[in-house]
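This report refers to the structure that appears directly beneath it.
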Amino acid sequence: MRRINYISTNEDWTLDVCFTNGEVRKYDVRPLLQSEAFRELEDVAIFKTARNGGYFVAWDNDADLSADTLYLEGIPVTPASESN
């Protein structure tokens with residue numbers, strides 16, 4: 001089971017997720033905003049309440065996403081120093 005080291009939220013409703021293995025993935029939450037569980041996250045202030053639960057990310061409205069979902073469906077981010 002994957003574990004999250006840290007997360008950061010972005011203004012475009014994406015999450016940057018760093019896993020304990022050092023990999024970083026970008027996860028786009030926008031497609032989920034149409035479902036009832038995630039609809040409140042359309043308010044960027046609520047979206048920004050995302051917190052790291054280790055094996056999941058959770059928001060103040062009780063929505064959550066597992067670390068495995070964030071990893072498997074997220075897009076790998078290459079550090080700028082590696083892309084040059």
Side-chain angles (χ1 to χ4, degrees):
M1 181 174 261
R2 290 171 182 86
R3 188 163 169 87
I4 299 167
N5 191 25
Y6 70 85
I7 64 165
S8 63
T9 58
N10 302 304
E11 296 291 326
D12 65 353
W13 283 270
T14 60
L15 297 170
D16 292 329
V17 185
C18 179
F19 295 88
T20 54
N21 67 359
E23 289 186 67
V24 178
R25 304 253 172 164
K26 183 174 288 288
Y27 184 87
D28 188 352
V29 178
R30 288 175 292 190
L32 301 177
L33 298 178
Q34 299 305 311
S35 68
E36 186 175 340
F38 293 92
R39 192 164 292 134
E40 289 181 48
L41 300 182
E42 287 180 310
D43 181 336
V44 75
I46 295 173
F47 176 71
K48 294 276 188 179
T49 68
R51 64 188 177 281
N52 180 3
Y55 296 103
F56 60 91
V57 169
W59 285 270
D60 286 353
N61 71 336
D62 294 328
D64 61 54
L65 290 167
S66 74
D68 287 338
T69 296
L70 295 167
Y71 183 87
L72 294 171
E73 297 179 11
I75 297 169
V77 174
T78 304
S81 61
E82 290 182 19
S83 62
N84 292 335

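The basis for the numbers below is simple: all heavy atoms, side chains too, and nothing from hydrogens, waters or symmetry mates. Residue numbers start at 1 and run along the sequence shown. The shown structure was predicted, so the numbers you read here are calculated from the model rather than taken from an experiment.
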Can you tell which of Asp68, Asp64, Thr69 makes a side-chain hydrogen bond (donor to acceptor under 3.5 Å, both in side chains) with Ser66?
Thr69
State, to 0.1 Å, how close Ile7 and Asn52 come at their nearest heavy-atom pair, and which atoms those are.
CD1-N, 4.0 Å
Assigning hydrophobic clusters by single linkage (Ile, Leu, Val, Met, Phe, Trp, Tyr; side-chain heavy-atom cutoff under 4.5 Å), is Val77 placed with Val17?
no
Rounded to the nearest 0.5 angstrom, the CG-CZ distance for Leu33 and Phe47 is 8.0 Å
Tell me which pairs pass salt bridge (Lys or Arg N to Asp or Glu O under 4.0 Å) where either residue lies in residues 49-59, with sequence neighbours left out.
Arg51-Asp60
Quick test of your reading: applying side-chain hydrogen bond (donor to acceptor under 3.5 Å, both in side chains), list the pairs with at least one residue in residues 30-41, sequence neighbours left out, ordered by first then second residue.
Asp28-Arg30
For residues Arg2 and Ala67, report the shortest heavy-atom separation together with the two atoms involved.
O-CB, 3.5 Å
Classify the ring geometry of Trp59 against Phe38: parallel below 30°, tilted from 30° to 60°, perpendicular beyond 60°.
perpendicular
How far apart are the closest heavy atoms of Ala63 and Ala37, and which atoms are they?
CB-O, 3.4 Å
What pairs with Asp62 under side-chain contact (heavy atoms from CB on, under 4.5 Å), at least two apart in sequence or on another chain?
none
Under a 4.5 Å side-chain heavy-atom rule over Ile, Leu, Val, Met, Phe, Trp and Tyr, are Phe56 and Met1 clustered together?
yes
For Tyr71, which residues count as a ring-ring contact (aromatic ring centres under 6.0 Å, His included) partner, sequence neighbours excluded?
Phe19
For a 4.5 angstrom cut-off between non-hydrogen side-chain atoms, does Leu32 reach Leu65?
yes
Taking a hydrophobic cluster as the set of Ile, Leu, Val, Met, Phe, Trp and Tyr residues connected by side-chain heavy atoms closer than 4.5 Å, whether directly or through intermediates, do Ile46 and Val57 fall within one such cluster?
yes
Between OH on residue Tyr27 and CG on residue Leu72, distance to nearest 0.5 Å
10.5 Å
List the residues meeting side-chain hydrogen bond (donor to acceptor under 3.5 Å, both in side chains) with Arg3, not counting sequence neighbours, and say none if there are none.
none
Does Glu23 offer a backbone N or O that forms a donor-acceptor pair with the side chain of Asn21 under 3.5 Å?
yes
Residue set satisfying salt bridge (charged side-chain N to carboxylate O under 4.0 Å, His left out) with Asp16, at least two apart, ordered chain then number -> Lys26
Taking atom CD1 of Ile4 and atom SG of Cys18, what is their separation to the nearest 0.5 Å?
10.0 Å
